[in-house]
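Questions regarding the structure given below will be posed in turn.
Because only heavy atoms are used, hydrogens play no part in the values below, and waters and symmetry mates are left out as well, while side chains stay in. Here is the naming used below: chain letters follow the sequence lines, and residue numbers restart at 1 for every chain.
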Amino acid sequence: MSTPTRAPAAAPGIAPDQQRDRASGIGGNAARPDGTLKVTGQFAYGSDLWADDMLWGVTLRSPHPYARIRGVAVGEALATGGVFAVLTHADVPGKNRCGLEHSDQPVLAEDVVRYQGEPVALVAADHPEVALRAAKKIAVDYQVLDPVTEARAALAPGAPALHPDGNLVRHLKLRKGDPAASAEVVVTGCYQVGMQDQAFLGPEAGLAVPDGLGGVDLYVATQWLHVDQRQVCAALGLPPEQVRLTLAGVGGAFGGREDLSMHVHACLLALHTGKPIKMVYNREESFFGHVHRHPATMRYEHGASADGKLQYVRAEIYLDGGAYASSTPAVVGNAGTMGIGPYVVPNVHVDCYGAYTNNPPCGAMRGFGSVQTAFAYEAQMDKLAATLGMDPVELRCLNAMSLGSEAPTGQIVDSQAPVAELLDRVRKMPLPPARAGGIGGPSALAAQRHGQPAFDLRDLPGGVANTTHGEGVRRGIGYAVAYKNVGFSEGFDDYSTARVRLEVIGGEPVATVHTAAAEVGQGLVTVQQQICRTELGVDQVVIHPVNTQVGSGGSTSASRQTYVTGGAVRAACQAVAGQAVALAQRQLGRTIADLRLDGGQFVSAAEGTVASLAGVLGSDIIEETVEWRHRPTYPVDPETGQGFAHVQYAFAAHRAVVDVDTELGLVKVVELACAQDVGKAINPDAVLGQIQGGSAQGLGLAIMEEIQVSDGMIRNPSFTDYLIPTILDMPPMQIDVLEYPDPNAPYGLRGVGEPPTISSGPAVAAAIRAATGLELHRVPIRPEHITGSMPGPAP
Amino acid sequence: MEFLQPTSWTDALAAKAASPEAVPICGGTDLMVELNFDARRPAALLDLTKVADLAQWDIDDGSVRLGAGVSYARIITELSARLPGLAMAARTVGSPQIRNRGTVGGNLGTASPAGDAHPPLLAAAATVEAASVRGTRLIGIDEFFTGVKRNALAADELIAAVRIPLPVGPEQFSKIGTRNAMVIAVAAFAVALQPARKLVRTGIGSAAPTPRRAPAAEQFLAGALAEHDLWESRAELPGPLLDRFGDLVTAAAAPIDDVRGTAAYRLHALGVMARRTLAWAWRQYQSASPEGS
């Protein structure tokens, strides 16, 4: 694995003292505080929670994608030995609704179920098996209805209304320039993206403990404690003081934990029985227990001049939101405002729709609307290049967004946007060697006597399954570029809260950071420690348990936590450091203009070390709580989509090299190269991890990951048939990390997590097209799409 | 659920006779998945991991007698040279953890059309040794698979071993999955050449209700090789011969559309795998000859 190229080194606009990198501070590869526990299997995840007198809660879910409920009989289930409670919607004391953006989803279904897997009833018992068996005894009288299973059909006149206000969740209109612009060269295409799952390894899990006073403490694996708390309070009819949430160990999230899962259910059972309730989904239930990535159908038309300058883009994007809104409005906002890619286009006309259907609910997943559109706009760029006879990278660079460009929303790109440089860098990276193997050579023949080829099958499509020794294999190279808004957009009040405390423990100065921001595996705990070490000059930094006893940290999503919670921690540290310096000066009895904290000492350029932090603090404790916001964004105009919608853009480019067995349709991704601008790598190793993991997730969507849904029913709710890349599918990567600081962001950083997920898949798809000569309109690209054994969607 | 754990083969057979509903478990790589998914709740489990004899293999009368409890990992490390076809299939089973636990006996017991061991066992003309308190009987592999996940075992029988004739010619195996490791077969194919007897055998997986051979393809190929003296000359196989073989293998299959692939793709892939594996096996046969390179 390559180390990142830390280019460019100089960071204009950033004060020199902020460039100072301590090994364990910002810019260093500090070790994760939870790393050893996780690697040695000792870390406690949500599914490991335990209370001695706890009961197990299970959920009865709808087997139908759309049905009326005529009755629910719980008597037999309730009479089962070991069962303590059987609850339905009638037992929800508050408002029986939840939802991230619209409160449209019942906690427990009332008279209708709108998707397969919708929760209908709950059981608490003294053993999980007893609870499961009792749940099967609940008799639900369903009147099965015909499901609406396609977004465009849901929005067509005459479609049955699945919700009171109809099936349109949001229609984003983006209008720039001449809507009827024409061009010398025009390419069109229709593209489809299948439903991807977050496939986090730690299933939904939590423990609700009643406090005996009518309130409840909920320990839960989640992405945003305070948005959970708001919804749980509403459903329970309790004030926030009586519903306290603490983050349990989270085994991955990727957007799939932004919505509630078992949160209210466990609290209901706990308050009803007076006992702690544990709920853990198994793998199959997990596929029904969280939202997925929106499937998309997208029609694009690109017009360019004969020399390749984009003249217009027109697009129509349909996102299937499934049964409930979740974050569909914001996903539509992203797909609509950013759906033509990081290119400068004078005339843009985009309609992006999010629809209710009876498919599984879709919401947040890493890349959030940008993943789907990138498959379409990058396929279009390749198609346009082919039509023009231009090199696809040249065409992209010719039209690339840069500092000062105007986005289709009218927003001026006001920090570095090195799109062309990123593409140029991945193009110039050395290519992997020519394919290993080959057929029929003398040494290969000798070695094949025992069925052992002279080459490693694992280097070929199909791997050890021995499908080719080189026959039918063709290599292809593809490029793609991503851009993604960082943080919450369109006027959302996006803030985080950090409480930092400085004290002396055992003679050593120790900082404690308390936030409600969820660590889900990405490394926020490490980043918080690094910021404290840099800002306070202390080595010991304790991460306080993450809970709702401090203000909201906002969601661990939108690549925003290092930016926003990092910004809050930095601001709190600066406030604490200011107080510490003031205390030192009071004790010294004089003012030293440049006095600051470093290495546990108060130091000044003129006087060197003047006092120790431990000595100055003594038994004093300094604590500051700061609510920190990034600069405001604004809603877009509802008719034109124009406005300052996004706080920051982040960019990445990928080159994919693939070998395709063109006769069998099997793919081996030989290498992925990525260049990404991260503004400032707070932890370079963690940045590489994000790029590698994000690239793997994008690769997965390109060639294998899909929740297959027929008539509203999930056909593959297991890791046997929902395939994610293995180590033999994910190739080595060359990674180039650029650091062009964003002057508006803390330390100049840019969000890192999502961009690589956006561009890796389209690069892989482009490489497969290059290898096969096929148009391939749909991802994931399945073997039968390549061999023609199944017709793809018509263009 | 009752849990029976005999420590000897005699006790195991007695337990199975007394509780014919007991489901044998060894590696558990199929059964535990069904239990975890709540797809199956057997009244009793018959744990065979304490029966030491089951995890042995030996060579007897020109065959490997492979105990039902020998893991795929051991087949790969201990039997790759003797049973190349089965070892190639074993390498494609699941993950290292699954290969450490899973057994050919379990594969035969489950009798899934997608079982990775089945095509090479069909191509190798293996024999299943079924035992009960009534005695032991041998079931030819061709008669073993009786329906989707059904086999020829009687309710009181357990699989003691599978007898696999030591190959007298090249064997090849190929399997399609939609990722490059840890995948259930979309389609699989095995071929074995027996030059001394001028015979060809095949096995098809995941493309019919049961694993099955492609008899017309075998007869065509054996006939064509004999007709053109190719066994003796070891000359290149003509393209049309490979194509015809592939077509006949395809014609022997009866696949369905499912979540793992379309029927049309399975048919197409079988034809490609049949042509390629035959070409590789023939090249091995050519290179094994005294006048080979």
Side-chain angles (χ1 to χ4, degrees), chain A residues 129 132 136 282-284 439-440 442 444-453 457-458 460-469 471-472 661 663-669 700 703-704 708 710 715-729 780 782-785 787-790, chain B residues 33 36-39 41 80-82 84-85 87-92 94-95 116 170-189 257-269 271-273 275-277 279-281 283-288 292-293:
Chain A
E129 187 74 21
L132 278 172
K136 287 181 180 168
N282 67 20
R283 180 57 57 194
E284 182 178 15
I439 35 176
L445 289 178
Q448 281 174 11
R449 279 186 195 167
H450 300 296
Q452 301 284 350
L457 282 170
R458 291 174 297 183
L460 286 162
V464 296
N466 194 38
T467 50
T468 181
H469 296 176
E471 299 92 334
D661 182 336
E663 279 185 277
L664 286 174
L666 302 179
V667 174
K668 170 79 180 176
V669 181
I703 55 177
M704 64 182 83
Q708 299 185 45
S710 296
R715 299 169 70 204
N716 55 339
S718 74
F719 280 161
T720 305
D721 284 314
Y722 182 88
L723 300 181
I724 55 178
T726 71
I727 195 167
L728 289 182
D729 300 287
R782 297 179 59 83
E784 49 263 43
H785 298 152
T787 62
S789 310
M790 184 174 101
Chain B
V33 175
N36 287 335
F37 274 83
D38 205 16
R41 290 286 138 141
S80 275
R82 290 189 177 89
M88 292 167 97
R91 248 175 247 123
T92 73
S95 60
D116 291 321
E171 296 182 334
Q172 283 287 341
F173 172 82
S174 183
K175 163 180 155 181
I176 305 279
T178 35
R179 73 180 166 195
N180 290 315
M182 255 175 77
V183 70
I184 305 230
V186 173
F189 181 72
D257 285 332
D258 69 13
V259 74
R260 294 173 192 147
T262 62
Y265 175 73
R266 290 183 156 105
L267 292 173
H268 167 81
V272 175
M273 286 191 290
R275 289 197 300 273
R276 289 183 182 176
T277 52
W280 301 332
R283 214 166 285 126
Q284 287 174 260
Y285 177 58
Q286 290 176 312
S287 66
S293 52

- May I ask you to test the B/R179-A/I724 pair for a side-chain heavy-atom distance under 4.5 Å?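 Side chain of B/R179 against side chain of A/I724, heavy atoms only: contact under 4.5 Å found.
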Notebook entry, point to check: Checking heavy atoms, do the side chain of B/D116, its backbone, both or neither come under 4.5 Å from chain A?
Noted result: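 Neither the backbone nor the side chain of B/D116 comes within 4.5 Å of chain A.
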Side-chain heavy-atom pair A/F719, B/M182 within 4.5 angstrom cut-off
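They are not in side-chain contact.
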Exercise. Do you know which of A/G462, A/G463, A/A465 has the most heavy-atom pairs with chain B at a distance under 4.5 angstrom?
Worked result: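 The answer is A/A465.
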**Q.** Heavy-atom proximity to chain B below 4.5 Å, by part of A/P461
**A.**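 Answer is backbone: N, CA, C or O of A/P461 sit under 4.5 Å from chain B.
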Strictly distance-based, threshold 3.5 Å: is any side-chain N or O of A/T467 a donor or acceptor partner for the main-chain N or O of B/I176?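 Not confirmed, A/T467 side chain does not pair with B/I176 backbone.
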**Request:** Using a cut-off of under 4.5 Å on heavy-atom pairs, state which of A/D729, A/V464, A/T726 scores highest against chain B.
**Result:**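 Most heavy-atom pairs under 4.5 Å with chain B: A/D729.
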If we only count heavy atoms from C-beta on, is the B/K175 to A/N466 side-chain gap below 4.5 Å?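 A side-chain contact under 4.5 Å is absent here.
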- If you round to the nearest 0.5 Å, how far is CG of A/L664 from NE2 of B/H268?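 Here the rounded value is 6.0 Å.
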Top contributor to chain B interface from A/L132, A/V667, A/T468 [non-hydrogen pairs under 4.5 Å]:
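Of the candidates given, the most pairs with chain B belong to A/T468.
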Interchain contact, A/L666 with chain B, by part (heavy-atom threshold 4.5 Å):
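The answer is the side chain of A/L666.
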Check your understanding: Between B/T277, B/T92, B/V259, B/L267, which shows the greatest number of heavy-atom pairs under 4.5 Å with chain A?
Key ->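 Ranked by heavy-atom pairs under 4.5 Å with chain A, first place is B/V259.
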Inset, instruction - Find out whether B/V183 and A/L723 are in side-chain contact, i.e. whether some heavy atom of one side chain is under 4.5 Å from a heavy atom of the other. - result: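 Contact flag for B/V183/A/L723 side chains = yes.
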**Request:** Run the salt-bridge test on A/E663 and B/R275 with the 4.0 Å N-O cut-off and return the result as yes or no.
**Result:**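 Yes.
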query: Is there side-chain contact between B/R41 and A/E129, with at least one heavy-atom pair below 4.5 Å?
result: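 Yes, their side chains come closer than 4.5 Å.
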*Does the side chain of A/T720 reach to within under 4.5 Å of the side chain of B/R260, using non-hydrogen atoms?*
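Side-chain contact under 4.5 Å: yes.
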Worksheet item: Side chain of A/E784, backbone of B/Y265: donor and acceptor closer than 3.5 Å?
Response: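 Absent.
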